Amino acid sequence: MTAVTGRVAAAERGETRIADRVVAKIAAQAAKEAVDDPPPDGASPRATVTVHRDAARVRVSLELGYPGDIGRQCGAVRSRVAQRVKALAGMEVPEVAVQVERLHAATSGAQGRIR
């Protein structure tokens with residue numbers, strides 16, 4: 001057995017890789033947290049992510065309640081997703097694209113659905 005004579009520098013110990021799907025789950029949860037009043041019959045937000053080095057490009061698809069300030073909610077989603085991915089995965093997020101898949105009217109049921 002050999003004795004360790006000194007400490008190995010952090011850069012020489014290896015690397016930590018976080019899978020795209022893990023970052024996508026973080027982004028989807030952050031989007032869910034950012035939506036003010038999610039529609040009760042709406043689907044949960046979904047995210048796809050492309051990671052390159054220490055940066056993640058995120059695309060979030062979600063459903064929102066109608067009427068509502070769609071622009072403000074999308075801005076809140078972009079901000080929250082970038083913040084949470086940075087905090088939890090340590091990645092910069094230069095782009096968060098938000099795609100609103102469907103709007104749900106305040107009334108429930110098939111006739112209340114806006115397409």
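Along the sequence shown, residues carry numbers from 1. Side chains are part of it too, since the values below use all heavy atoms of this structure and drop only hydrogens, waters and symmetry mates. The structure presented is a predicted model; accordingly, all values stated were derived computationally and were not measured.
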Chemist: Could you tell me which non-hydrogen atom of Val51 sits nearest to which non-hydrogen atom of Arg53, and how far apart they are?
Modeler: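 Nearest pair, atom of Val51 first, then Arg53: CG1-O, 3.7 Å.
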Chemist: Using side-chain heavy atoms (C-beta onward) and a distance below 4.5 Å, is Ser44 in contact with Lys32?
Modeler: yes
Chemist: What residues, two or more places apart in sequence or in another chain, satisfy side-chain contact (heavy atoms from CB on, under 4.5 Å) together with Arg72?
Modeler: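 Counting only residues at least two positions away or on another chain, Arg72 forms a side-chain contact (heavy atoms from CB on, under 4.5 Å) with Asp36, Asp69.
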Chemist: Could you pull out every donor-acceptor pair under 3.5 Å between side chains of residues 91-101 and any protein atom, sequence neighbours left out?
Modeler:
from, atom 1, to, atom 2, distance (Å)
Glu92, OE2, Lys86, NZ, 2.6
Glu95, OE1, Arg57, NH1, 3.3
Gln99, NE2, Glu101, OE2, 3.0

Chemist: Applying side chain to side chain contact (heavy atoms under 4.5 Å, CB included), run through Thr50 and Val58 and close with a yes or a no.
Modeler: CA-CA 7 Å; Thr50 303; Val58 181; over 6 Å; no
Chemist: What is the minimum heavy-atom distance between Ala34 and Val77, and which atoms define it?
Modeler: CB-CA, 3.7 Å
Chemist: Indicate every side-chain donor-acceptor pair of residues 19-31 with a distance under 3.5 Å to a residue at least two apart or in another chain.
Modeler:
from, atom 1, to, atom 2, distance (Å)
Gln29, NE2, Glu33, OE2, 3.4

Chemist: Is it true that, when you exclude Arg46 itself, more than 12 heavy atoms of the residues, nucleotides or ligands shown sit nearer than 6.0 Å to its CZ?
Modeler: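 Check passes, neighbour count above 12.
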Chemist: Quick one: CZ on Arg102 to CG on Leu64, what's the gap to the nearest 0.5 Å?
Modeler: 12.0 Å
